[in-house]
**Student:** 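Take this structure first; my questions come after.
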Amino acid sequence: MAYNSLIARVELTHVSFGEVASVIGKAGGDIISIDVITSSGESSIRDITIEVGDNEEQQVLDNLKAIDGIKVINVSDRTFLSHLGGKVSVESKIPIKNRDDLSRVYTPGVARVCSAIHEDQRKAYSLTIKRNTVAVITDGSAVLGLGDIGPLASAPVMEGKAMLFKQLGDVDAFPICLDTQDTEEIIQTIKNIAPIFGGINLEDISSPRCFEIEERLTKELDIPVFHDDQHGTAVVVIAGLLNALKVVGKNIEDIRVVVNGIGAAGVAICKMLLSAGVKRLVPVDFEGAITYGGNYPYPMWQWLAEQEQVESQPGTLKEVIQDADVFIGVSRGGLLTGEDVQKMAENPIVFAMANPNPEIAPEEALEHVSVFATGRSDYPNQINNVLVFPGIYRGALDCRASLINEPMKLAAARAIAAVVTEKELNAQYIIPSIFNEHVVDKVRHAVIETAILTGVARRIPPDFR
């Protein structure tokens with residue numbers, strides 16, 4: 001169940017607060033805090049912060065309004081309040097206090113800077129915001145679990161992404177929501193706006209268009225292009241898997257892995273699993289297992305069918321999960337039962353990442369698996385791509401990488417896994433918190449090091465010289 005936090009301002013007249021608390025609790029609400037606004041002998045006004053499920057919010061308010069002596073003055077949803085006016089802004093680094101300041105940052109002084117860049121375009125990295133700015137771009141076609149909600153409705157997600165870029169990686173990011181879902185228009189629009197950006201972060205673009213958009217832009221631009229729904233998810237999955245395998249004492253070359261949901265994230269996960277050394281892979285989608293040697297209408301499915309590590313035995317998810325060491329789900333909730341995971345190999349690992357409801361209910365899975373992870377924050381081992389993109393872009397920007405290649409992604413996964421020390425590692429802690437201060441630095445270092453080794457770095461940062 002999804003929970004909301006709301007603030008109810010109420011006036012109490014000859015009513016005890018205990019009665020108010022009882023009414024809220026019976027309706028399913030949980031009081032987080034109470035602030036007294038005014039108080040007199042006869043009445044008081046209080047702000048009550050309540051955590052409540054989506055389906056119980058109205059019941060809590062109706063129950064309060066039904067009691068004599070309680071007047072509900074106002075109700076504020078804290079989530080909506082945090083979005084008022086948007087969540088990001090642009091601020092100047094240099095104050096303009098007089099004509100001299102104006103002449104240096106704008107006309108006439110700026111003309112000299114423009115000419116310098118015109119003569120040597122590489123100077124844009126030192127003389128403009130390009131060196132530290134990323135575009136967060138969507139067409140609103142595959143937003144979170146909401147689906148195709150369009151560009152305007154996707155804006156709060158893109159703003160949130162920009163916030164995380166800044167807070168975690170000190171990267172300036174700007175949300176751009178495109179009012180088109182035409183592949184060619186998206187590609188051309190991004191190419192047209194690319195000069196001012198040091199990188200492009202594609203977000204919430206539906207499959208299979210996202211594959212072509214990213215592939216074309218990677219070839220046609222000289223800055224990093226990264227579809228976070230694909231690669232951010234894949235990187236953090238591999239990071240968690242590397243540590244989960246340590247917990248159960250298995251080697252990645254020996255395991256059999258079932259991946260369910262072969263869309264954007266699923267394809268990227270499969271590619272990284274192969275890069276990491278998996279020798280037995282079973283990709284599964286709505287038609288069943290994708291098999292080696294098969295023929296498929298989607299290019300990415302066909303690519304998988306041509307990889308020798310992909311098994312040739314067909315079957316449904318419930319059939320192919322038998323004897324699997326690892327299950328990775330990026331599909332939809334309620335596909336598996338405890339009986340299904342009991343058929344897996346000894347000491348099974350299950351990453352059930354469908355949101356908000358995992359492929360198998362955690363309560364049903366936990367008694368049968370050795371390591372369990374979800375995409376949710378209310379269970380241990382949250383597989384969250386927020387661990388990935390701030391550090392990857394911090395590194396890519398610092399070394400001015402022309403692209404983010406597969407070795408850089410794998411290096412980022414290993415760096416994230418390494419943040420969890422051997423002493424800390426256990427079945428309940430295979431992946432670090434997104435607020436762990438070491439994550440971005442370790443990922444940055446690994447990304448720069450690999451970019452240099454693979455020849456895509458165009459600058460050597462001072463700490464690498």
**Student:** Taking F197 as the fixed residue, which of N132, I129, T133, D172 is the one that meets the side-chain contact (heavy atoms from CB on, under 4.5 Å) rule?
**Tutor:** T133
**Student:** Is the CG atom of L84 crowded by more than 12 outside heavy atoms at less than 6.0 Å?
**Tutor:**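 More than 12 within 6.0 Å, yes.
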**Student:** Salt bridge (charged side-chain N to carboxylate O under 4.0 Å, His left out), that's the test. Do K318 and D340 meet it? Break it down for me.
**Tutor:** CA-CA 6 Å; K318 287 179 177 288; D340 294 319; 2.5 Å; yes
**Student:** Taking only residues two or more places apart in sequence or in another chain, which ones pass side-chain hydrogen bond (donor to acceptor under 3.5 Å, both in side chains) with K191?
**Tutor:**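 Testing K191 for side-chain hydrogen bond (donor to acceptor under 3.5 Å, both in side chains), a comparison that skips the adjacent residues, returns E220.
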**Student:** Taking only residues two or more places apart in sequence, or in another chain, which ones meet Y296 in a ring-ring contact (aromatic ring centres under 6.0 Å, His included)?
**Tutor:**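 ring-ring contact (aromatic ring centres under 6.0 Å, His included) list for Y296, sorted by chain: empty.
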**Student:** So, S331 and E359: side-chain donor and acceptor under 3.5 Å apart, yes or no?
**Tutor:**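 Judged by distance alone, the side chains do pair up.
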**Student:** In this structure, are over 12 heavy atoms from other groups packed under 6.0 Å from Y298 atom OH?
**Tutor:** no
**Student:** Show me, pair by pair, the donor-acceptor contacts under 3.5 angstrom made by side chains of residues 406-421, not counting sequence neighbours?
**Tutor:**
residue, atom, partner, partner atom, Å
E406, OE2, K409, NZ, 2.9
K409, NZ, H231, ND1, 3.3
T421, OG1, E424, N, 3.2
T421, OG1, E424, OE1, 3.2

**Student:** Sequence neighbours left out, what passes side-chain contact (heavy atoms from CB on, under 4.5 Å) with A427? Give chain and number order.
**Tutor:**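 V247, V371.
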**Student:** Which residues satisfy the ring-ring contact (aromatic ring centres under 6.0 Å, His included) test with Y429, sequence neighbours excluded?
**Tutor:**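 ring-ring contact (aromatic ring centres under 6.0 Å, His included) list for Y429, sorted by chain: empty.
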**Student:** Using only atom types and a distance under 3.5 Å, with no angle test, would you say the side chain of D204 pairs donor to acceptor with the backbone of T138?
**Tutor:**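 Here the side-chain-to-backbone pair does not exist.
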**Student:** Evaluate the side-chain proximity of L335 to I360: yes if any heavy-atom separation is below 4.5 Å, no if none is.
**Tutor:** no
**Student:** Using ring pair (Phe, Tyr, Trp, His ring centres under 6.0 Å), reason through W301 and F286 one step at a time and then give a plain yes or no.
**Tutor:** CA-CA 12 Å; W301 289 21; F286 55 88; 5.6 Å; yes
**Student:** Not counting sequence neighbours, list each pair that qualifies as a ring-ring contact (aromatic ring centres under 6.0 Å, His included) and has a residue in residues 143-186.
**Tutor:**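 Applying ring-ring contact (aromatic ring centres under 6.0 Å, His included) to every pair that reaches into residues 143-186, excluding sequence neighbours, yields F165-F389, F165-Y393.
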**Student:** Which residues pass the salt bridge (charged side-chain N to carboxylate O under 4.0 Å, His left out) test with E215, not counting sequence neighbours?
**Tutor:**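 Result, salt bridge (charged side-chain N to carboxylate O under 4.0 Å, His left out) vs E215: K219.
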**Student:** Verify side chain to side chain contact (heavy atoms under 4.5 Å, CB included) between I328 and N260, making sure each step is shown before the conclusion.
**Tutor:** CA-CA 6 Å; I328 298 171; N260 191 67; over 6 Å; no
**Student:** Between Y379 and Q428, do the side chains contain an N or O donor and an N or O acceptor separated by less than 3.5 Å?
**Tutor:**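 Short answer, no.
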**Student:** Is it true that a side-chain atom of S433 and a backbone atom of F435 form a donor plus acceptor pair closer than 3.5 Å?
**Tutor:**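 Flag set: sc S433 to bb F435 pair under 3.5 Å.
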**Student:** Taking only residues at least two apart or on different chains, which pairs with a member in residues 75-96 satisfy ring-ring contact (aromatic ring centres under 6.0 Å, His included)?
**Tutor:** none
**Student:** Which residues pass the ring-ring contact (aromatic ring centres under 6.0 Å, His included) test with H227, not counting sequence neighbours?
**Tutor:** none
**Student:** side-chain hydrogen bond (donor to acceptor under 3.5 Å, both in side chains) with K271: which residues, sequence neighbours excluded?
**Tutor:**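 With sequence neighbours excluded, K271 shows a side-chain hydrogen bond (donor to acceptor under 3.5 Å, both in side chains) to no residue whatsoever.
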**Student:** Are more than 12 heavy atoms from other residues, nucleotides or ligands located less than 6.0 Å from atom CD of E308?
**Tutor:**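 Count not over threshold, so no.
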**Student:** Has the side chain of Q307 got a donor or acceptor atom that lies under 3.5 Å from a matching backbone atom of W303?
**Tutor:**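 Here the side-chain-to-backbone pair exists.
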**Student:** Would you tell me whether D228 and N201 have side-chain atoms, one donor and one acceptor, within less than 3.5 Å of each other?
**Tutor:** no
**Student:** Is the closest basic N to carboxylate O distance between D139 and R209 below 4.0 Å?
**Tutor:**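 Between R209 and D139 there is a salt bridge, with a charged N closer than 4.0 Å to a carboxylate O.
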**Student:** Please examine the side chains of V248 and I349, heavy atoms only from C-beta on, and report whether any two atoms are closer than 4.5 Å.
**Tutor:** yes
**Student:** List for me each residue that meets ring-ring contact (aromatic ring centres under 6.0 Å, His included) alongside H368, sequence neighbours excluded, and say none if there are none.
**Tutor:** none
**Student:** Has E306 got a side-chain atom pairing as donor or acceptor with Y292's backbone, closer than 3.5 angstrom?
**Tutor:** no
**Student:** With I186 as reference, evaluate T183, D182, I190, T189 under the side-chain contact (heavy atoms from CB on, under 4.5 Å) test and give the passing residue.
**Tutor:** I190
**Student:** Once side-chain hydrogen bond (donor to acceptor under 3.5 Å, both in side chains) is applied, do any residues pair with D179, and if so which ones, sequence neighbours excluded?
**Tutor:**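 By the side-chain hydrogen bond (donor to acceptor under 3.5 Å, both in side chains) rule, D179 matches no residue at all.
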